[in-house]
Amino acid sequence: MSHGGEERREPMRSLARREAFWGYLFLLPTAAGFLIFVVGPMLGALGVSLLKWDLLSPPRFAGAANYGALLQDGRLGIILSNTVLFVIADVLFNMLLGLFLALLLRGKVARGIGYLARLAFFFPVIVSVSSAAAIWIFFLQKDLGILNYYLHLIGLPRIPWLGSSQWSLRSVVLFDVWKNVGFYAMVFLAGLHNIPVQLTEAAVVDGANERQLLRHVTLPLLTPSIFFAIVIALINGFQVFAQAQILTRGGPGDSSRTMVMYIYEQGFRYFQMGYASSVAVMLFVVVAGLTLLQFRASERWVFYQ
Amino acid sequence: MLRRSGLLLAIAACVLFGVLPAASAAAAPDAKGTVTFVFWDYGPDVQKGWETTLQNFKTANPGITVDLVGAQGNSWGEYLDKVATMIAGGKKLDTIWVATEGIRQLATKGLIRPIDDLVARDKAELQDYFDDVAPSLIAGTTVDGKLYGFPYSWNNMVVWYRPSFLKAAGLPAPSPHWTRADFLRYAQKLTKDNVYGYAVENAYFVGTIPWIYANGGSLFDEHFTRATADTPEVADAMQFLVDLVRKYKVAPDPAGVSTFNLFQAGQLAMFGAGRWPILTFSKDPSFKDFDVQVWPGAKIQLTEYGVDNFPMFTSSRNVEGTWKLMKYMTRKDVQGQLVGTTDKPVGNVPARRSLATSPDMASIPNYKVFYASLQNAKPVPAPPGFNKVESIWLRYVSQMTSGEMSVPDALKKAQAELTQVLAENR
C-alpha cells in the first residue's frame, strides 16, 4: 500500500519540479533584470560609500569616513528638510486633488466631456519633465512670466516664484502636482470602478446620503488604491530631481535643492563619489524605512474586499 | 630667411593640395592605428559635423581610424562629468575636445600630457599656425608654462544690443571705450514698459566673471594658489549686478530668464555673450536688429574668454596618430569651417586671426570686435575642481541677486568654500 502511494507521489513530485522549473524560467528575465539593474548598483553604491574616489584617480578605502562626514555636513540638514517638506506637500496635494478629480470624473459627466477631461488630466503625465518644466519657467518668471502678468492685472503683487527661498520649493510642488495628479486621478478612478455597485446601492437603499456614502462605503473600499498611490507618490517624491533642477536649479542657495540633486552634485559635479554614495545609502534607508512603516500601518487602515 | 620663405612656400603648397598630413608624416614617425576622440555631443548634428571636419584627415591618413565617441551634457562641466565617468569605466581615450574650463583639471590629474616636446620637434610645420594665433589665446591652453593643446575655437564676452532700441532712446552705438557708468546710463534709458535694459544671469562664464574682470578682480589669484572672492573689486562688481536688478530695476529677476528669447522678442535691449547667439538669431533670417560691442570697462578694460582645443591623454597608446590629428586641427582649411557663411554662421570664433577677421564673419556687423578685444582678455578662471567652484559660486550668486544674502556675507562664505576647493586639489 505504502509502496503504491510512493508510486503515485513520484509523478506528482516530477510535475511539481517541472512546474517549478518553468516558473523559475519565466521569472528569470525579471529577476535577472532586477539583480543586474537594481540589486547590483545598490550593492555597488554601498561599496563605493566606503571609498574616497574622484572618478579620475584610483579609489582609496575610507572606511566609515563618508558616513561620519554626513553628520558634519551643514547643507545636508536643509536639503533633507526641503525634501521631506516637498514629499509631504506633494503627496498630500496629489492625493487630495487626485481623489477630487476622480470623484468628479465618476460623477454624472457627459461621456465626451469625461474622455476629454481624462485626456487633459493625464496629458501632463506623458509629457517629458524637462520640456514641461522649460515651459513652466515662462509661466513663473517673476518680471516677465505669464502668471505674474495676470496677478499684476488684478492688482496683486508679483510673486518671485523661482527666485525666492519662500516660493521656490512651493513652485516645484505646484509643478509636480500639475504634472502627476492625472496619474493618481486615474488610479483612484480605476479603484472607484472596482467598488461593487450592490454595496453602494445597498447603502443608498438604507438611506445613506452622498457624504455618508463617501465616508463609510467609497473611501474604505478605495483604501487599497489610496495605499498604492501613497507608496508610489512617496517614493517618487523622495526621488524628485529634474523638476527642481530645471525650474530653480535648487536655488536661491539651497532653498529648493533636494536629496537626489545633492547626490548628483556631490557625485558628478564635485567628483566625490564616496560621499555621494553615502548620501544615497542614507536616502535609501529613509525611503525603505518609511515604506516599511506604511506597510505596517496599512494593516490598520487598508480594507481589502 | 630664404630657408624660412622656402619652408613657408612648401607649407602653402601642401595646404593648397591638401596633403599636409602626408608631408608631416615624412618628418615624424609613421602614424597608424585607431585614435579615439571624445567630443561634446550637445545636439543632433554634432557627430555629423565632426565627421565632416575629419573627412580630409581620414582620406589623407588611410592607416588611421578615428573613433568618435560622443559624451552628452548641457554644459562643458556636465560634458566633463560624463568623460570622467567614461575614464572611470575604463574607456581608453586618445584625445578630447575640451575648453579652458577642463584643461587645468585634466592637467593637474596628470590625465593629459604637455606637448612642448612634440611642438619643438615639428616647430617649422607649426610656425604658420603660431604666427596666426594671438598669444593670449595660447595662454588659454597653457598650464603652469606647459602647452597642452592648440587653440581651435573660442569665445569672449561682448555686449549684444539692439541698435533700433538705442536709436529710439536717442543713444548712439556704444563706443569701444565705454565704461560701466555709460553702460548703466544705457540700461536705464533702454528700460521701459515690458522692456529691460539688460539681463543679469546667475551664471559663471556668462553672468558674473566679465564684470569682475572689468573691475580688476577675479575669484582666484593668477596661479590658483588662493581664492580672492572677498576682495573689494569682486564685492563692488557683484554689488553693481545686484543693484542692476534690485536698485536700478533695469534687469529682470535672474531666476528663469531666457536671454535669447527675450532679446529676440523685444523685451531685452542688451545682454552679454560670445559669438554663439548668432546660431539662434540666424534661424530667423528677418531678424537683423543686433550688434555687439566690447565689454564695458570699469576699473580696467578687460573681458573674459574660453578656448577649446584637443589635448592628448597621457594614457594614449597612439601618440603619433593623435599628434597628427592635433596638428590637422590647426590647419587653416579645417579651422575655416568654423567661420560658416554670413547666412549660416557658426557659433564659435576660429583661433586663427586671418579667419576670425575675414569678411565671412560679417553676419554680426561689428564682428571684428571679437579678435580685437583679445588683447584685453583673460581666460575664464578655471582651477582644478572647476565644476565644484562653479557650483559653489552660483549658489551664492543666486542668494545675492535674490537679495536674500548681502554681498559681503555671501562673498565671505564663498571665499571659505573656494579656499577649501583649492586646498582639496593641491
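Chain A is the first sequence line, chain B the second, and so forth, proteins listed ahead of strands; every chain is numbered from 1. What you see is a predicted model; the values in this text were computed from it and never measured.
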Side chain, backbone, both or neither: which part of [X] has an atom under 4.5 Å from a heavy atom of chain A?
X	answer
B:Val257	both
B:Thr85	both
B:Leu106	neither
B:Asn261	side chain
B:Phe386	neither

Selection from A:Ile137, A:Asp254, A:Leu140, A:Asp143 maximising heavy-atom pairs under 4.5 Å formed with chain B: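 Top count of heavy-atom pairs under 4.5 Å with chain B: A:Asp143.
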
Contacting moiety of [X], where chain B heavy atoms sit under 4.5 Å:
X	value
A:Tyr264	side chain
A:Arg158	neither
A:Gln272	side chain
A:Ser57	side chain
A:Phe271	side chain
A:Trp53	side chain

Parallel, tilted or perpendicular: ring planes of B:Trp160 versus B:Phe271, cut at 30 and 60 degrees: parallel

Plane angle bin for A:Phe175 and A:Trp178 - parallel if under 30°, tilted between 30 and 60°, otherwise perpendicular: tilted

Presence of salt bridge, [Y] and [X], under 4.0 angstrom:
X	Y	value
B:Asp289	B:Arg162	yes
B:Glu417	A:Arg75	no
B:Lys109	A:Asp54	yes

CZ-OG1 distance between A:Phe34 and A:Thr30, expressed to the nearest 0.5 angstrom: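 It comes to 11.0 Å.
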
Sidechain-backbone polar pair: A:Lys179 side chain, A:Val125 backbone, donor-acceptor under 3.5 Å: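 Side chain of A:Lys179 to backbone of A:Val125, a donor-acceptor pair under 3.5 Å: yes, one is there.
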
Whether B:Gln415 side chain and B:Ala227 backbone form a donor-acceptor pair below 3.5 Å: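 Side chain of B:Gln415 to backbone of B:Ala227, a donor-acceptor pair under 3.5 Å: yes, one is there.
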
Aromatic ring proximity, centroids under 6.0 angstrom, B:Tyr79 and B:Tyr42: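 Distance test on ring centres: not under 6.0 Å, no.
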
Residue selection (most heavy-atom pairs with chain A, distance under 4.5 Å) from B:Met400, B:Met405, B:Glu390: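 The candidate making the most pairs under 4.5 Å is B:Glu390.
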
